Amino acid sequence: MSDDTAALILTLATEIAELRAALAEAQELLIETAVDAGEMHARLEEVHRELAVTRADRDAWMIRARRQASLSPPTSSAFAATLALRSPLIR
């Protein structure tokens with residue numbers, strides 16, 4: 001084997017080693033990213049469940065408030081409560 005061939009083989013072996021190291025690092029980052037994404041997905045599902053409970057609580061409160069407003073004698077505060085319940089800002 002000539003000196004040029006040996007140098008070329010050494011250069012290629014060094015480059016392959018560097019590429020393998022870079023690949024291993026990229027794989028490690030990919031695994032970390034996948035773990036983070038899984039944790040974020042789990043948290044998002046938890047937030048969706050909390051939101052569903054909060055919306056159900058809000059809807060139940062609005063139903064109770066409407067019933068109470070319809071059973072109360074008409075007063076200015078009952079009228080104001082009825083207007084507040086119909087406000088688009090509450091939805």
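Computed from a predicted model, the values in this text were never measured in an experiment. Scope of the values below: all heavy atoms of this structure, side chains included, with no hydrogens, waters or symmetry mates.
- Residue Asp3 qualifies as open at atom CG: its count of foreign heavy atoms under 6.0 Å is 12 or below.
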Step by step, work out the side chain to side chain contact (heavy atoms under 4.5 Å, CB included) result for Leu23 and Leu19. CA-CA 6 Å; Leu23 177 60; Leu19 289 172; over 6 Å; no
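- Of the candidates Leu10, Leu12, Asp4, Thr5, Leu8 forms a side-chain contact (heavy atoms from CB on, under 4.5 Å) with just one, namely Leu12.
- Ion pairing between a basic and an acidic side chain is recognised when a charged N comes within 4.0 Å of a carboxylate O; Glu46 and Arg43 show such pairing.
- Enclosure of atom CD in Glu15 is not indicated, since only 12 or fewer non-hydrogen atoms of other residues, nucleotides or ligands lie within 6.0 angstrom.
- Atom CG of Leu44 and atom CZ of Arg49 lie 10.0 Å apart (nearest 0.5 Å).
- In Glu25, the CD atom is not crowded: 12 or fewer heavy atoms of neighbouring residues, nucleotides or ligands sit closer than 6.0 Å.
- With rounding to the nearest 0.5 angstrom, the CG atom of Asp59 is 10.5 Å from the CZ atom of Arg64.
- The OG1 atom of Thr11 lies 11.0 Å from the CD1 atom of Ile16; values are rounded to the nearest 0.5 Å.
- Taken from CG in Leu51 to CZ in Arg55, the straight-line distance is 4.0 Å, to the nearest 0.5 Å.
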